[in-house]
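Have a look at the structure below before the remarks.
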Amino acid sequence: MFEWIKKIRDLYLVKVKWRHYQIGPGFHAGARVRLWAKSKLVIGRQFYIGRDSQIETDCVIGDYVILGNKVAIVGRYDHHYQQPGLPIRMASQIRDTDYNWKGLDNLTTIEHDVWIGYGAIVMSGVKISRGSIIAAGSLVSKDVEPYSIYAGVPAKKIKARFNSEDELKQHILKYDAFVKQHKY
């Protein structure tokens with residue numbers, strides 16, 4: 001019984017609440033998730049965003065991506081902190097229609113098959129490449145290499161996702177076959 005309630009809730013979020021964004025099939029959001037983008041938010045197939053998470057910047061997200069609970073994808077320049085004569089609190093902000101300072105061209109890209117762990121923060125304008133993992137509690141402020149595991153503040157590469165090139169090649173072959181079999 002609970003499954004159909006989740007499906008109806010997700011359908012409401014995609015078709016009503018967030019209808020002005022492009023969200024693929026298989027979307028699921030936990031409780032208290034917030035989405036906002038000034039110009040562009042595109043989310044691929046089979047996307048999961050955990051409870052209390054938020055996306056508050058322009059972002060393109062691939063297929064089969066997981067954002068754990070309390071993950072934030074946020075802008076670097078949400079407030080014009082160099083606006084002369086104004087406290088930051090009163091300065092223009094990216095949500096304003098006439099905002100014309102930094103950050104307007106910052107697009108965050110999260111490619112296919114990515115997992116971002118609990119409490120991680122991703123700053124706008126970075127690219128998290130295909131197959132990567134971001135460890136819980138990390139702060140991503142620079143681009144992430146494909147099939148890598150990053151951790152820390154700031155996030156740094158700690159190791160490759162797979163132990164060998166052969167394992168990586170096997171994963172890519174099996175992943176591609178899986179995707180082909182599960183087309184919607």
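Small disclaimer: the values here were computed from a predicted structure and weren't measured.
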Considering all heavy atoms of both residues, which atom of [X] and which atom of [Y] are nearest to each other, and what is their separation?
| X | Y | answer |
| --- | --- | --- |
| Ala29 | Trp18 | CB-CZ3, 4.4 Å |
| Ala135 | Ala151 | CB-CB, 3.5 Å |
| Asn69 | Tyr48 | OD1-OH, 4.2 Å |
| Val60 | Lys40 | CG2-CE, 3.8 Å |
| Ala120 | Ile134 | CB-CG2, 4.1 Å |
| Gly68 | Val71 | O-CG2, 3.2 Å |

Are any side-chain N or O atoms of [X] and backbone N or O atoms of [Y], one a donor and one an acceptor, separated by less than 3.5 Å?
| X | Y | value |
| --- | --- | --- |
| Ser53 | Ala72 | no |
| Ser129 | Val144 | yes |
| Arg9 | Gly30 | yes |
| Ser132 | Ile149 | no |
| Ser124 | Asp58 | no |
| Arg76 | Ser141 | yes |

### Task
Keeping to residues at least two apart or across chains, list the side chain to side chain donor-acceptor pair (under 3.5 Å) pairs with something in residues 87-100.
Gln83-Ser92

### Query
Which pairs pass salt bridge (charged side-chain N to carboxylate O under 4.0 Å, His left out) with one or both residues in residues 143-155, sequence neighbours excluded?
Glu145-Lys157

### Neighbour count >12 (heavy atoms, 6.0 Å) for atom NZ, Lys102
yes

### Query
Should we count CD of Gln82 as having more than 12 external heavy atoms under 6.0 Å?
yes

### Task
Before accepting this row, confirm whether a basic side-chain N of the pair Lys174/Asp113 lies closer than 4.0 Å to the acidic partner's carboxylate O.
no

How far does [atom1] of [X] sit from [atom2] of [Y], to the nearest 0.5 angstrom?
| X | Y | atom1 | atom2 | value |
| --- | --- | --- | --- | --- |
| Tyr12 | Arg19 | OH | CZ | 9.0 Å |
| Ser39 | Asp105 | OG | CG | 10.0 Å |
| Ile8 | Leu11 | CD1 | CG | 8.0 Å |
| Glu111 | Arg130 | CD | CZ | 8.0 Å |
| Leu41 | Ile61 | CG | CD1 | 6.0 Å |
| Gln46 | Asp63 | CD | CG | 8.5 Å |

Under 4.5 Å between side-chain heavy atoms, counting indirect links through other Ile/Leu/Val/Met/Phe/Trp/Tyr residues: same cluster for [X] and [Y] or not?
| X | Y | value |
| --- | --- | --- |
| Ile94 | Tyr81 | yes |
| Val65 | Tyr21 | yes |
| Phe27 | Ile116 | yes |
| Val140 | Leu107 | no |
| Leu139 | Tyr118 | no |

Going by heavy atoms in the side chains, are [X] and [Y] under 4.5 Å from each other?
| X | Y | result |
| --- | --- | --- |
| Asp176 | Val179 | no |
| Ile55 | Ile49 | yes |
| Leu67 | Ile73 | yes |
| His171 | Arg161 | yes |
| Leu35 | Lys17 | no |

### Message
Working note: Lys70 + Gln54, criterion side-chain contact (heavy atoms from CB on, under 4.5 Å); need CA distance, chi angles, decisive distance, verdict.
### Response
CA-CA 7 Å; Lys70 298 189 178 186; Gln54 56 192 334; over 6 Å; no

### Task
Indicate the ring-plane relationship of Tyr147 and Phe162, choosing parallel, tilted or perpendicular according to the 30° and 60° boundaries.
tilted

### Summary
Only residue of Thr57, Val122, Ile121 satisfying side chain to side chain contact (heavy atoms under 4.5 Å, CB included) with Val74 is Ile121

#### Entry: Contacts of type side chain to side chain contact (heavy atoms under 4.5 Å, CB included), residue Trp115, not counting sequence neighbours
Ile66, Ile133

### Query
What do the steps show when you test Tyr150 against Ile128 for side-chain contact (heavy atoms from CB on, under 4.5 Å), and what is the final call?
CA-CA 10 Å; Tyr150 279 65; Ile128 299 177; over 6 Å; no

